[in-house]
Amino acid sequence: MTRAYDRLTRQLVAALESRLKRQRAAPVPEAGRLLWTAFHELSRGRSWHQLGPLPIAMVEIQAWAELARLPLQLRHVRVILALDEAFLDHAHAAAPPKGVKLAPQISSHGITAALFDMAVD
């Protein structure tokens, strides 16, 4: 990316992070308003699973751009993905709500054929 897009990306990510941390909101640069809107529209439709949000897929960005009739270039997609990465980092860093216990993601027990059959049925 060019230095201008690197700077724009940093400014947009800073604006998003300040909002996610509920701090005084950093301004969204005028040059990034369209990408800011694209990220928010894509983020509203994102999929979630039990451990939090899933990343926005390139296919979703492409479909959104076609529906909006906007000719996004790779550098635009990279800015949207940088915003998504900042969002995911914040979402995954957040502690679980009080009283919610998270199971370990990796079991210390080996899987047996019987256990596998129980999980699949």
Side-chain angles (χ1 to χ4, degrees):
M1 278 196 284
T2 64
R3 287 182 12 191
Y5 266 92
D6 288 340
R7 185 173 58 247
L8 177 63
T9 300
R10 285 192 305 273
Q11 291 171 340
L12 287 170
V13 167
L16 177 64
E17 288 173 344
S18 68
R19 284 163 174 76
L20 291 172
K21 293 175 184 174
R22 300 186 192 277
Q23 298 173 343
R24 185 169 177 238
V28 176
E30 193 62 37
R33 292 254 181 222
L34 179 63
L35 299 174
W36 181 262
T37 301
F39 168 72
H40 282 282
E41 288 183 11
L42 287 160
S43 189
R44 267 199 320 254
R46 86 168 59 241
S47 298
W48 289 66
H49 63 81
Q50 63 211 19
L51 297 176
L54 294 173
I56 297 171
M58 294 273 236
V59 172
E60 293 170 334
I61 297 171
Q62 180 183 12
W64 180 88
E66 288 175 6
L67 284 172
R69 295 182 186 231
L70 293 173
L72 292 183
Q73 296 176 1
L74 181 58
R75 61 185 178 194
H76 303 131
V77 173
R78 286 183 177 150
V79 173
I80 293 169
L81 293 177
L83 288 166
D84 190 43
E85 183 177 352
F87 176 82
L88 293 172
D89 287 347
H90 176 79
H92 293 141
K98 188 174 181 176
V100 173
K101 295 181 183 177
L102 294 178
Q105 294 182 0
I106 300 174
S107 175
S108 60
H109 302 288
I111 190 164
T112 64
L115 184 59
F116 178 79
D117 289 342
M118 286 181 8
V120 174
D121 288 336

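Distance check, rounded to the nearest 0.5 Å: CG of L83 to CG of L16 gives 5.5 Å. The line from CH2 of W36 to CD1 of I80 is 12.5 Å long, rounded to the nearest 0.5 Å. To the nearest 0.5 Å, atoms CZ (F87) and NE2 (H92) are separated by 8.5 Å. Here R78 contributes atom CZ and L81 contributes atom CG; the two are 9.0 Å apart, rounded to the nearest 0.5 Å. Interatomic distance, H76 NE2 to L34 CG, rounded to the nearest 0.5 Å: 8.0 Å.
Counting all heavy atoms, side chain and backbone alike, S43 lies closest to I56 at N-CD1, 3.9 Å. Closest non-hydrogen pair, E60 versus P55, comes out as OE1-O, 4.3 Å. Considering all non-hydrogen atoms of both residues, R46 and L54 come closest at NH1-O, 2.6 Å. Counting all heavy atoms, side chain and backbone alike, S18 lies closest to A25 at OG-CA, 3.5 Å. Among all heavy-atom pairs drawn from A26 and A15, the shortest one is O-CB, 3.6 Å.
Tested against V79 for a side-chain contact (heavy atoms from CB on, under 4.5 Å), the candidates L35, V13, D6 yield a single pass: L35.
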Requested in this report: Under the side chain to side chain contact (heavy atoms under 4.5 Å, CB included) rule, what do Q11 and L8 come out as? Steps first, then yes or no, please.
Outcome: CA-CA 5 Å; Q11 291 171 340; L8 177 63; 4.3 Å; yes
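Not a single side-chain hydrogen bond (donor to acceptor under 3.5 Å, both in side chains) links R7 to another residue, sequence neighbours left out.
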Counting only pairs under 3.5 Å, give me each side-chain donor-acceptor contact of residues 62-74, with atom names and distances, residues two or more places apart or in other chains.
from, atom 1, to, atom 2, distance (Å)
Q62, NE2, E66, OE2, 3.4
W64, NE1, E41, OE1, 2.7
Q73, OE1, R75, NE, 3.1
Q73, OE1, R75, NH2, 3.1

